[in-house]
Structure formats: C-alpha cells, structure tokens
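We're numbering straight along the sequence, starting at 1.
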Amino acid sequence: MLEPRHREWGAVQLGAAVGADRPEAEVPDAADRRQDLYRPEAAHRQVEKPSVMQASFLPTRFRRSPKMVRQSDRELYHLTLLLDGEMALDHAGRTNTFRPCDLHMVDSSQPYDLRSLDDQEPRVVQGVGVDFPKEMLPLPPHRVRELLGRGLPGQEGVGPLLTELLVGLVRQAKTLQPSDAPRLGTVLLELISAWCAQALDAEAALPPETRQRAMARRVRAFIRQNLNDPELTPSVIAAAHHISLSYLYRIFEQQSQGETVAAWIRNQRLEGARRDLANPALRTTPIHAIAARWGFPRASDFSRAFRTAHQISPKDYRFQRPSERK
C-alpha cells in the first residue's frame, strides 16, 4: 500500500464558528499504516454541532478497532460523500464499496475498517465528511443502524441537495462568517435527516417542520431546473413530488415568507432573464430568445412582466449602463 504522501484537510465548524481545522487523525508510518479518525489522545475535542471536513489523500487505510472504541467514543455519526477514487468499508456487519457521488455513514461507537481500492496507483482520493452528535439526528437509533456501512447514491431524491450543500460549504469555507454557522448547521442537519429518512422510507418519523422544510427545498430545486418549461405549473410540481396542491401551497408559503408558488416561479424567470440581458456576451441574442429560454414563449407577455417588475422595457434595460441598473 502506498504511503499517504499527499494529505490535506480542512474543516468548517457549523453552529458555533466557521474556520480552519483538521479532523483528529494520525499519519500512518512505515510500521503501521492504520489511521484512526477518532484517536483517544484527541478525544477532548468535543463536537457539539456539525463539522464539515474536506479530505484529500493518496491510498491509505482508516481503522477504528474495538479497543479504540472502548478508549474513546464521542457518540458521533460520520457521513461521507466520496468525490473521487474508490473505497471499501467493513462496518456494522456489512462490507461495501463506494464510488464517486456515493454517500455512506459510520457510527463512532462501532469498529470500522475503511480503505482505498486504488492502492496500485498514486491516485488522490477526495471526499467531504460531516461529524455530528447522534442525538441531533431525529430518527430512532435502531432504524439508523440499517444505514450504517451501506453505499447510497447521492444523485437521487434529497441526495443532490445534500451533496450540493456539502460541496458548496467546502468551496465557500474561506468566505463564510461565524454568523452564518447556526443557520447553515440547521439546514445541513435537516437535509441529512431527510436523506436518511428517505433511504429508510421513514419520512413519517421526522418532525413535521423538518419534513416541510426539506420538501420546500426539493420543490425549489425542481423549479430552478425546469424554469425553461412554459408548462411548469403548481399542478405539475405537486404531481412530480407526489403531494397534493394544497400541501404544496401550504409548505411553500410557510417556507417562502408568504410568496406563492406561481409568484416565485415568475420572479425566478424574470431574474434569470434580467441577468442574461445584462450579460455583454449575450448582447446579440434576440430578446424573444432570452424570454423563451426562461419560460416566456410569448415576447409580449415577457415584456409586460419585465416592465412591471423593473419599470423599464427589456430593450432599454439591455442598453443601460451597468451603473444605471437597479
């Protein structure tokens, strides 16, 4: 097995502060290539809120033995999103392999053996991990055990929202402020809870508020992906998410400061068109083509809606100086 000559760590602490950190780990040497993410001598560092970590390393092995569990256990779940490389995991009586975009979870109270499958080539393995206390996951422990050690795709259901947030937190770590941490920590835990519940088909076990917020985020993501479709209506959105129209209206207004579904769709379309009109690279693109791209098949409807929103015609807005635009 190759020595991990390349190893980088970075972490964002959510709920208390945002900054640079590194997970508790020891570097394997030639005599012992094991690596324990929860070493006893570092156990004094308590994780009270979610901690998001980025990892980058050459093929190596992460092992947590029964002895290590007895010596130190902070009662955490660790969720990992694999971005590049392949890994194998023995945990909770299961053996599984993971590929890019897979998610898996481990329990600090149980031994595990996580290792790279690319040990014949110096290929860097990359991923994003989250540590969080077990009591913060609003699901029965016996149900969560069904997820441990399993590889689950991050591209289905709530998965894309969760993976997008994890990658975004790592990319924006240097620009986040301490005041951002509590809100981001709450959003992250709600998406993790919704993802776990969906994987277990146990969404009914989540608190109603968590279910509603997760559904509202899924709906908004679906709308953004389909803004170019002029047939995008509340009925289509409700059917795509297997919910009633009344439930869609209720959760959307609760989570969007009273804004209706139709109004949010219209505002998102107008904002997308406004950005395109202001983009010098699209100066030669006809206005009616920009309108159609954002779900306005009739140019007259677009011009009327744009003028109502911005008190100026699309044509005049396009030729305004940047300093004059609102």
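- Checked for salt-bridge contact, D301 and R304 meet the test: a charged N lies under 4.0 Å from a carboxylate O.
- Listed for the R150 side chain is a donor-acceptor partner under 3.5 Å among the backbone atoms of E146.
- What you find for A199 and L152 is that their closest heavy atoms are CB-CD1, 3.8 Å.
- Salt bridge annotation for R217-E190: present, with a cationic side-chain nitrogen under 4.0 angstrom from a carboxylate oxygen.
- Residues S65 and P111 are not in side-chain contact: their nearest non-hydrogen atoms beyond the backbone lie 4.5 Å or more apart.
- Of the possible donor and acceptor atoms, none in the side chain of N267 sits under 3.5 Å from a partner among the backbone N and O of W264.
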**OP:** Take V128 and M53 through the test side chain to side chain contact (heavy atoms under 4.5 Å, CB included) and record every step on the way to the result.
**Re:** CA-CA 6 Å; V128 181; M53 296 154 281; over 6 Å; no

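- For Y247 and F252, the distance between ring centers is not under 6.0 angstrom.
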Subject >> Candidate pair S246 and S244, rule side-chain hydrogen bond (donor to acceptor under 3.5 Å, both in side chains), full reasoning >> reply: CA-CA 5 Å; S246 59; S244 68; 3.1 Å; yes

Subject >> Worked verdict on D84 versus R123 for salt bridge (charged side-chain N to carboxylate O under 4.0 Å, His left out) >> reply: CA-CA 9 Å; D84 196 13; R123 178 182 177 184; 2.8 Å; yes

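- Panel note: side chain H288, backbone F296; no donor-acceptor pair is recorded below 3.5 Å.
- Under a 4.0 Å N-O distance rule, the pair E271/R275 qualifies as a salt bridge.
- Side chain of S116 to main chain of P59: no donor-acceptor pair is present (N/O by atom type, distance under 3.5 Å, no hydrogens or angles).
- Classified by interplanar angle (parallel below 30°, tilted 30° to 60°, perpendicular above 60°), the ring pair Y317/F306 is perpendicular.
- Between the side chain of R143 and the main chain of L200, a donor-acceptor pair closer than 3.5 Å is present.
- Looking only at distances, a side-chain donor or acceptor of D180 sits under 3.5 Å from a matching main-chain atom of Q177.
- No single ILVMFWY cluster, assembled from side-chain heavy atoms under 4.5 Å apart, contains both V69 and L148.
- Looking at every heavy atom in both residues, D276 comes nearest to W294 through OD2-NE1, 2.8 Å.
- Both L139 and V187 are members of a single hydrophobic cluster when ILVMFWY side chains are connected at heavy-atom separations under 4.5 Å.
- Distance alone, capped at 3.5 Å, is enough to place a donor-acceptor pair between the Q311 side chain and the T308 backbone.
- Under 3.5 Å, the side chains of D90 and T95 contain a donor-acceptor pair of N or O atoms.
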Subject >> Working for side chain to side chain contact (heavy atoms under 4.5 Å, CB included), residues V130 and L81 >> reply: CA-CA 9 Å; V130 186; L81 167 64; over 6 Å; no

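- Side-chain atoms of R61 do not come within 3.5 Å of backbone N or O of D113 as any donor-acceptor pair.
- Linking ILVMFWY side-chain heavy atoms closer than 4.5 Å, directly or via other members, places V158 and V144 in a single hydrophobic cluster.
- Within 6.0 Å of atom CZ in R298, 12 or fewer heavy atoms from other residues, nucleotides or ligands are found, so the atom counts as exposed in its surroundings.
- In terms of hydrophobic clustering, with Ile, Leu, Val, Met, Phe, Trp and Tyr side chains grouped at heavy-atom distances under 4.5 Å, L248 and V236 are assigned to different clusters.
- In the hydrophobic clustering of ILVMFWY residues, with side-chain heavy atoms under 4.5 Å counting as a link, I192 and M136 come out together.
- One side chain, S109 or K134, offers a donor N or O that lies under 3.5 Å from an acceptor on the other.
- Of the possible donor and acceptor atoms, one in the side chain of H241 sits under 3.5 Å from a partner among the backbone N and O of I237.
- No more than 12 heavy atoms of other residues, nucleotides or ligands shown are found within 6.0 angstrom of CD on E164.
- R269 places a side-chain N or O within 3.5 Å of a backbone atom of L227 that can act as its donor or acceptor partner.
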